[in-house]
Engineer: 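This is the structure I have questions about; it appears just below.
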Amino acid sequence: MALARRDIVQIAGLISPAYLWLTAAVFLPLSAMLYFSFLSSAPFDGSAPVFSLEHYQAFLDRPLYRGLLWKSIQLGLVVTVICVLVGFPCAWVLAKMIRGRWREALFLLVILPFWTNSLVRVFSWAILLRGNGILERGLDAVLPFDVSLNLMFSYPAVVIGLVHSYLPYVILTTYLSLQALDDSLIEAARSLGARWGTILWRIILPLAAPGIIAGAVLVFVPVVGSVLEPRILGGRAAGTFYGTVIEDQFTAVFNWPLGAALSFILLAVVLACLALTAPMLRKAQT
Amino acid sequence: MAEVRVEGLGKDFDGQPVLSDISLTFGDGEFFGLLGPSGSGKTTLLRLIAGFLFPDRGRILIGGDPVERIPVERREVGMVFQNYALFPNMSVAENVGFGLRVRGVSRAEEARRVAEVLELVQLGALGARRPHQLSGGQKQRVALARAIVTRPRVLLLDEPLSALDKSLRVEMQIELKRIQREVGITTIFVTHDQEEALTLSDRIGILKGGRLVQEGPPREVYFRPKDAFTAGFLGEANLFSGMPEDGGLRLTDGSLIAWPAGAGPVPMIAVRPENLRALQPGQGHGNRITARLRHRVFAGATGTLVLDWRGQQIKVTAREEDLPSLSEGQEITLGWDRDASIPLGDATEG
């Protein structure tokens, strides 16, 4: 499609504020970090920059980093799978089973985590999960036997906190794709003799796949690099992940070049993961 | 293939009856049109027969078996939806084969039957296409093929042609009828398009306000409507009401309309616009009224005069060249044959 000159001017005028902002806010700092990652040490003392690949080499040489990256990817997968398993039925109910005021009310509850400060959200989980915390006392009051539940500073605590934070993404993206799914498709499948399992597997899931995958990507990417939830809910015992190690480089060890190098390795791995899902997305769209 | 019977069928939504006391027999192999305005309950009736809804009262029998409690998955009905509802993630052949796959038919058998039915609907070459690559008429054929490939006992069509443009609709009407005849399947379809119902159906049923007003072959219902609603809904009708007398119906202007042969005294008479003729002064016999021209409608081959008779609208339709040239406001005398009068029951009924 050929664009008239006027259209081009108009388009440029409309998108340039956003892209200028993105350039300033994302591209420039990111470039600075990329530059840092190739220095042997941060030039804070005014010394001349020395270029080196040693920090990328460090990732390859030290199994600790590779192990942590793998652990973080696993965490990302676990959280993503739980979010999809929990979020899909919820999105189904919101899209197909309820209408009107109730839908609005339930939507509000889904979006609520977005509106609370992330630190508050995470610390409120800490109150719930710790030994002799609200959850344990509540269960003790209901159940006849003595419950000893100390989830705090454990892997499950990190997973719970992350699922809570990222579940809305999956619900919202899946909701949108289910909303676009015509009810008469399901009726047609039923009239052809299909049971619910078949309908779910052959009609609903393939057609909702773009939404589910988009939601999964929105969850997986930030979870792999997450810092806050592992730090606070995982603590010393279970809170060391790839993201927290990067943060340490910047805030504790002051080895900015190593932190930057580890960040870019993460970015590369995440992009590779996205590249793997891209064909699935394209297929689902046809 | 089977006869379908509904007996005393009723359905309520939120405590309000949307369908009351419907009793109908759809003969084996018959093409039956359910016709009615929106809200008449025709779609509800179709969905009850399909099994998407369960009735609150009455029975549904397919081939003599009561099925009103059997859900749609196990009722062995084929259904074509208004928007076709083709699965966009599957090819034409996969769409058509879906019902067979679900039933555990072998792949070879599936392929053979899909090819056979695609041949029947004249889409033999398009099996690999995706629904979004098809035209409206082709989608319609795929939907039809998908609904009949499992050899259901009944075929149900929900406004099957309403999404097509007019010329394609006429073509698909002929196709639909051919395919239905070839397969010989009992077919029930819902439409609000009277012409479609008259063209396709062996018999039609007119629904209004959740009740069956009249049923019968299209000719009979068109020429012998029972009440003013049916007369006006199925084609156009000029209605004349008055006092029944021995010789005929005495209109408010004092003129007398003779009873058509075999009709008893009724309070209302309908005359189709195509049966009214303009009379020269002194010409004609029997029934006549004098009306004033409001305006004239040109529709190609035919034309319509819209006239005013004592505050009531009267229409006359004829070949354009047979209509008299009149200017607006001019008076004209209209007449019609005695037997062109259609006696109607109480118009307020139903």
Side-chain angles (χ1 to χ4, degrees), chain A residues 1 84 88 91-93 95-103 173-217 277-286, chain B residues 43 46-47 49-53 70-91 94-105 110 114 129-133 139 142-160 163:
Chain A
M1 190 178 60
V84 168
F88 181 83
W92 176 261
V93 169
K96 296 291 176 199
M97 294 175 78
I98 52 171
R99 300 263 180 276
R101 297 271 289 273
W102 277 104
R103 182 192 276 181
T173 56
T174 309
Y175 169 82
L176 289 177
S177 60
L178 287 177
Q179 180 97 106
L181 191 148
D182 188 347
D183 288 349
S184 65
L185 294 179
I186 294 163
E187 291 189 339
R190 290 182 63 198
S191 76
L192 290 167
R195 306 300 162 90
W196 272 107
T198 313
I199 294 174
L200 182 70
W201 190 246
R202 297 214 39 209
I203 315 268
I204 297 171
L205 283 180
L207 292 175
I212 297 173
I213 293 172
V217 168
T277 55
M280 282 203 294
L281 261 178
R282 216 171 304 127
K283 186 167 171 251
Q285 271 161 356
T286 54
Chain B
T43 301
L46 195 77
R47 293 174 68 80
I49 298 171
F52 289 115
L53 298 171
I70 297 177
V72 57
E73 294 86 343
R74 290 188 282 119
R75 205 177 275 195
E76 299 288 323
V77 294
M79 178 122 178
V80 174
F81 292 80
Q82 189 170 0
N83 60 358
Y84 318 129
L86 299 181
F87 307 128
N89 54 323
M90 298 181 201
S91 70
E94 286 168 333
N95 262 283
V96 175
F98 184 85
L100 298 172
R101 187 81 52 100
V102 164
R103 281 167 177 73
V105 170
E110 178 189 325
V114 167
R129 292 259 183 105
R130 294 259 159 180
H132 68 90
Q133 297 169 309
K139 285 182 190 168
V142 176
L144 191 62
R146 186 178 67 177
I148 58 179
V149 73
T150 57
R151 295 174 193 147
R153 294 190 288 176
V154 194
L155 177 62
L156 305 172
L157 312 168
D158 184 9
E159 304 262 1

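Order of the sequence lines fixes the chain letters, A, B, ..., with proteins taken first and strands second; residue numbering starts at 1 for each chain.
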Engineer: Any donor and acceptor pair, going by atom type alone, linking the side chain of A:Asp182 with main-chain N or O of B:Leu86 inside 3.5 Å?
Structural biologist: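 No, because the side chain of A:Asp182 does not come within donor-acceptor range (under 3.5 Å) of the backbone of B:Leu86.
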Engineer: For the side chain of B:Arg75 and the backbone of A:Ser191, is there at least one donor-acceptor N/O pair under 3.5 Å apart?
Structural biologist: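 No, because the side chain of B:Arg75 does not come within donor-acceptor range (under 3.5 Å) of the backbone of A:Ser191.
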Engineer: Taking atom CZ of A:Arg99 as the centre, does the number of heavy atoms from other residues, nucleotides or ligands within less than 6.0 Å exceed 12?
Structural biologist: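 Check passes, neighbour count above 12.
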Engineer: Identify which part of B:Val102 has an atom lying under 4.5 Å from any heavy atom of chain A, answering side chain, backbone, both or neither.
Structural biologist: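 Just its side chain gets close to chain A.
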Engineer: Find the distance between CZ (B:Phe98) and CD1 (A:Ile199) and round it off to the nearest 0.5 Å.
Structural biologist: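 Reported value, rounded in 0.5 Å steps: 6.5 Å.
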Engineer: Answer with side chain, backbone, both or neither: which region of B:Phe81 has an atom nearer than 4.5 Å to a non-hydrogen atom of chain A?
Structural biologist: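 Contact with chain A involves the side chain of B:Phe81 alone.
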Engineer: Determine whether B:Arg47 and A:Glu187 make a side-chain contact, defined as any pair of heavy atoms from C-beta on separated by less than 4.5 Å.
Structural biologist: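 Yes. Closest side-chain heavy atoms under 4.5 Å.
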Engineer: Give the minimum heavy-atom separation between A:Leu185 and B:Pro88, together with the two atoms involved.
Structural biologist: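 So the two residues come closest at CD1-CD, 3.8 Å.
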Engineer: Over all heavy atoms of both residues, which pair between B:Glu73 and A:Ala194 is shortest? Give the atoms and the distance, please.
Structural biologist: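 Taking B:Glu73 first and A:Ala194 second, the nearest heavy atoms are CG-O, 3.3 Å.
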Engineer: Could you tell me the separation between the CZ atom of B:Arg103 and the CG atom of A:Leu192, rounded to the nearest 0.5 Å?
Structural biologist: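 The CZ atom of B:Arg103 sits 7.0 Å away from the CG atom of A:Leu192.
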Engineer: Counting only heavy atoms closer than 4.5 Å, note whether B:Asp158 contacts chain A via side chain, backbone, both or neither.
Structural biologist: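 Contact with chain A involves no heavy atom of B:Asp158 at all.
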Engineer: Passes side chain to side chain contact (heavy atoms under 4.5 Å, CB included), A:Arg202 versus B:Phe87? Steps please.
Structural biologist: CA-CA 9 Å; A:Arg202 297 214 39 209; B:Phe87 307 128; over 6 Å; no
Engineer: Might you point out which heavy atoms bring A:Arg190 and B:Val72 nearest each other, and give the distance in Å?
Structural biologist: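 Shortest heavy-atom contact: NH2-CG1, 3.5 Å.
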Engineer: Which bit of A:Thr198 is near chain B, if near means a heavy-atom gap under 4.5 Å: side chain, backbone, both or neither?
Structural biologist: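 Looking at A:Thr198, just its side chain touches chain B.
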